[in-house]
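Below you'll find the structure, written out as structure tokens, and then a few comments.
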Amino acid sequence: MLELPEVEVLRKDLEKEVVGKRVKDVTVQTPSVVRPFHRNRPEFVKALEGRKIEAARRRGSTIFLDLDENLTWIIDIGDQGSLHRETATEDLAEDTHLAVSFTIGGAIHLSEAAEEPTIHTGVVPTEEALEAAGIPVDALDLLDDNPTWMEFGRFLAAADKPLKLLLTDPTYIVGIGPVYSDEFLWEAGLRHDHPSSTLSTQEVRRLYRATQEIIVAAMKAADSGLDESEADNVIDEDGEVAVHLRVFGRDGLPCPRCRRLIKRTRIKKGIYTYHCEQCMI
Ligand SMILES: [Zn+2]
């Protein structure tokens, strides 16, 4: 799953690549990707064809491309999806669910190698876009909202949840998943089950600084994948974990801070944490 830093890099690339272009043809290969926004493929195609892309925004890990006529094209890349640039005449690969070409040439393809794609896309009125995408208006986007450490501290205290669960809960914080939640906690030296309401001022400041520094570092390391159909910023084809990650995917390897071996622990169904038992308290 792409998390906030990678999606922000993708947003920036889309800003350069597609803003100002007008949509020519829209081909939907998999009808389910336009739900729940549209009843069927023709409804989505009609809404998007001929529209001009005016801005590229992001909230959490969802991309919002603002169109003329006060419409917004929502792109949720899903668990394993990717968005990449193609020529307008490129045939659709088997795992490509949507292709959109532009009047001045070129196209983008939305792909995901999954039997049931988790990609969702649709065109809605701009003022309804956030709600239509299922993003709570008061959920925190750590980059977009740019909170101060004191605001972040009040947010943690009010949420009162174990840190790992809080960081990955999109009703509280958007765009952070299994990867960067573990990275934030390792950098801050805090355990995954530490209740967010019991952090000292020092701990709040450490966690806050970790979120800021890691998001910036991850954006520097990220490749949006727009030029490749299968870029993975986290674990490559050979199973190598990206160098900018310190704990995620590194179970059995020494902790970069204290050399004790990193562990992978199941927190609850489907949620795991990579952590160091010695330097995360
Ligand atoms: Zn350690």
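Owing to the predicted nature of the structure, the values given are computational and were not obtained by experimental measurement. The figures that follow rest on heavy atoms only: side chains count, while hydrogens, waters and symmetry mates do not. One-based numbering, in listed order, for ligands and for the atoms of each.
Within the sub-2.8 Å shell of the Zn ion (ligand 1), the protein contributes these N/O/S atoms: Cys255 SG, Cys258 SG, Cys276 SG, Cys279 SG.
His275 pairs by the ring-ring contact (aromatic ring centres under 6.0 Å, His included) definition with His192, not counting sequence neighbours.
Classified by interplanar angle (parallel below 30°, tilted 30° to 60°, perpendicular above 60°), the ring pair Phe152/Phe155 is parallel.
With hydrogens and angles ignored, the 3.5 Å screen pairs no side-chain donor or acceptor of His38 with any backbone N or O of Pro36. Without hydrogens or angle criteria, Glu69 side chain to Arg51 main chain gives no donor-acceptor distance under 3.5 Å. A donor-acceptor pair is defined here as one N or O able to donate and one able to accept, closer than 3.5 Å; such a pair exists between the side chain of Asp68 and the backbone of Lys52.
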Could you walk me through whether Lys164 and Ser181 pass side-chain hydrogen bond (donor to acceptor under 3.5 Å, both in side chains), step by step?
CA-CA 6 Å; Lys164 170 81 176 180; Ser181 54; 2.9 Å; yes
